[in-house]
Trainee: 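Quick one: the structure is below, and I'll ask about it shortly.
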Amino acid sequence: MIKKLHSTPRMSKTVIHNQTIYLCGQVGNAEDDIKAQTLTCLEKIQTLLEEVGSDKSKLLSVTVWIKDMADFAAMNEVYDQWFEGVQPPARACGESALARPELLVEMIAIAAE
């Protein structure tokens, strides 16, 4: 069975299949700096996971797209603090142009239920 939540004609924010949770890309507020955008992404991930009975300790993988690798250390500072006390998931990070020029980071997450 596949369960899709918060669907629009373009995408679903959350898809659950075989006890695995797939989240669409999460972004921060366009007017914020890299640290604030990173924290917002992580908080949105946490909210979506909690909605389906999961949490950050059950994250399996996070893919991070960052607009400029010059922000890599600042993004990692927030990311590392957020996972403090929890074993972090597998992660990939790459530099990419994002959907809007003011976006600095986007995160895509997969978790267990």
Side-chain angles (χ1 to χ4, degrees):
M1 182 173 127
I2 299 172
K3 183 177 182 181
K4 297 180 181 181
L5 304 171
H6 305 292
S7 298
T8 69
R10 182 171 296 149
M11 68 179 173
S12 297
K13 284 188 178 182
T14 306
V15 175
I16 304 169
H17 180 254
N18 288 338
Q19 300 177 316
T20 303
I21 303 161
Y22 302 87
L23 301 180
C24 71
Q26 301 300 309
V27 297
N29 300 312
E31 65 277 1
D32 290 341
D33 66 9
I34 187 65
K35 288 185 175 185
Q37 285 193 30
T38 298
L39 184 57
T40 299
C41 290
L42 294 166
E43 289 172 341
K44 286 179 171 181
I45 288 169
Q46 183 71 19
T47 297
L48 290 170
L49 292 176
E50 287 176 352
E51 181 180 37
V52 295
S54 190
D55 61 55
K56 65 183 170 183
S57 72
K58 296 180 181 177
L59 280 164
L60 303 172
S61 175
V62 175
T63 301
V64 179
W65 291 110
I66 191 168
K67 180 179 178 178
D68 185 344
M69 279 298 180
D71 289 330
F72 185 69
M75 180 275 298
N76 275 329
E77 182 181 328
V78 174
Y79 186 94
D80 293 347
Q81 284 177 346
W82 194 74
F83 278 105
E84 202 166 284
V86 176
Q87 231 176 352
R91 188 181 102 168
C93 183
E95 184 178 63
S96 177
L98 300 176
R100 297 190 318 268
E102 61 274 12
L103 296 175
L104 305 176
V105 62
E106 181 171 358
M107 295 184 193
I108 304 158
I110 301 171
E113 274 190 300

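Quick note: residue numbers are just sequence positions, from 1. The analysis underlying the following values was restricted to heavy atoms, covering all of them including side chains, and did not include hydrogens, waters or symmetry mates.
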Trainee: Rest of the hydrophobic cluster containing M1 (Ile/Leu/Val/Met/Phe/Trp/Tyr, side-chain heavy atoms under 4.5 Å)?
Mentor: none
Trainee: Give the minimum heavy-atom separation between L103 and L98, together with the two atoms involved.
Mentor: O-CD1, 3.6 Å
Trainee: If the condition is salt bridge (charged side-chain N to carboxylate O under 4.0 Å, His left out), which residues does K35 pass it with, not counting sequence neighbours?
Mentor: E77
Trainee: My understanding is that only residues two or more places apart in sequence, or in another chain, count here; which of them pass side chain to side chain donor-acceptor pair (under 3.5 Å) with S96?
Mentor: none
Trainee: My understanding is that only residues two or more places apart in sequence, or in another chain, count here; which of them pass side chain to side chain donor-acceptor pair (under 3.5 Å) with E50?
Mentor: Q46
Trainee: Got a sec, which pairs hit ring-ring contact (aromatic ring centres under 6.0 Å, His included) with one end in residues 91-113, sequence neighbours left out?
Mentor: none
Trainee: Report yes or no: do L59 and I108 belong to one cluster of Ile/Leu/Val/Met/Phe/Trp/Tyr joined by side chain heavy-atom distances under 4.5 Å?
Mentor: no
Trainee: Pairs under 3.5 angstrom only: tabulate donor-acceptor contacts from the side chains of residues 65-76 to other protein residues two or more places apart or in another chain.
Mentor:
residue	atom	partner	partner atom	Å
K67	NZ	P101	O	2.4
D68	OD1	A70	N	2.9
N76	OD1	R91	NH1	2.9
N76	OD1	R91	NH2	2.8
N76	ND2	F72	O	3.4

Trainee: Among all residues two or more places apart in sequence or in another chain, which pass the side chain to side chain donor-acceptor pair (under 3.5 Å) test with E51?
Mentor: H6
Trainee: Going by the rule side chain to side chain donor-acceptor pair (under 3.5 Å), which residues pair with S7 if we only count those two or more places apart in sequence or in a different chain?
Mentor: S12
Trainee: Just to verify, which of L48, L49, T47 counts as forming a side chain to side chain contact (heavy atoms under 4.5 Å, CB included) with I45?
Mentor: L49
Trainee: Any chance you could measure Q37, atom CD, to E31, atom CD, to the nearest 0.5 Å?
Mentor: 8.0 Å
Trainee: Okay, side chain of S54, backbone of A112: is any donor-acceptor separation there less than 3.5 Å?
Mentor: yes
Trainee: What pairs of donor and acceptor atoms, side-chain ones from residues 14-30 against any protein atom, are under 3.5 angstrom apart with sequence neighbours left out?
Mentor:
residue	atom	partner	partner atom	Å
T20	OG1	N18	O	3.4
Q26	NE2	C24	O	3.1
N29	ND2	D32	OD2	3.4

Trainee: Among residues at least two apart in sequence or on other chains, which ones pass ring pair (Phe, Tyr, Trp, His ring centres under 6.0 Å) with Y79?
Mentor: F83
Trainee: Suppose the criterion is salt bridge (charged side-chain N to carboxylate O under 4.0 Å, His left out): which pairs have a residue in residues 101-111, not counting sequence neighbours?
Mentor: R100-E102
Trainee: Does anything in residues 6-15 pair up under salt bridge (charged side-chain N to carboxylate O under 4.0 Å, His left out), and if so which pairs, sequence neighbours excluded?
Mentor: none
Trainee: Same cluster or not: are V78 and V62 linked, directly or through other Ile, Leu, Val, Met, Phe, Trp or Tyr residues, by side-chain heavy atoms under 4.5 angstrom apart?
Mentor: yes
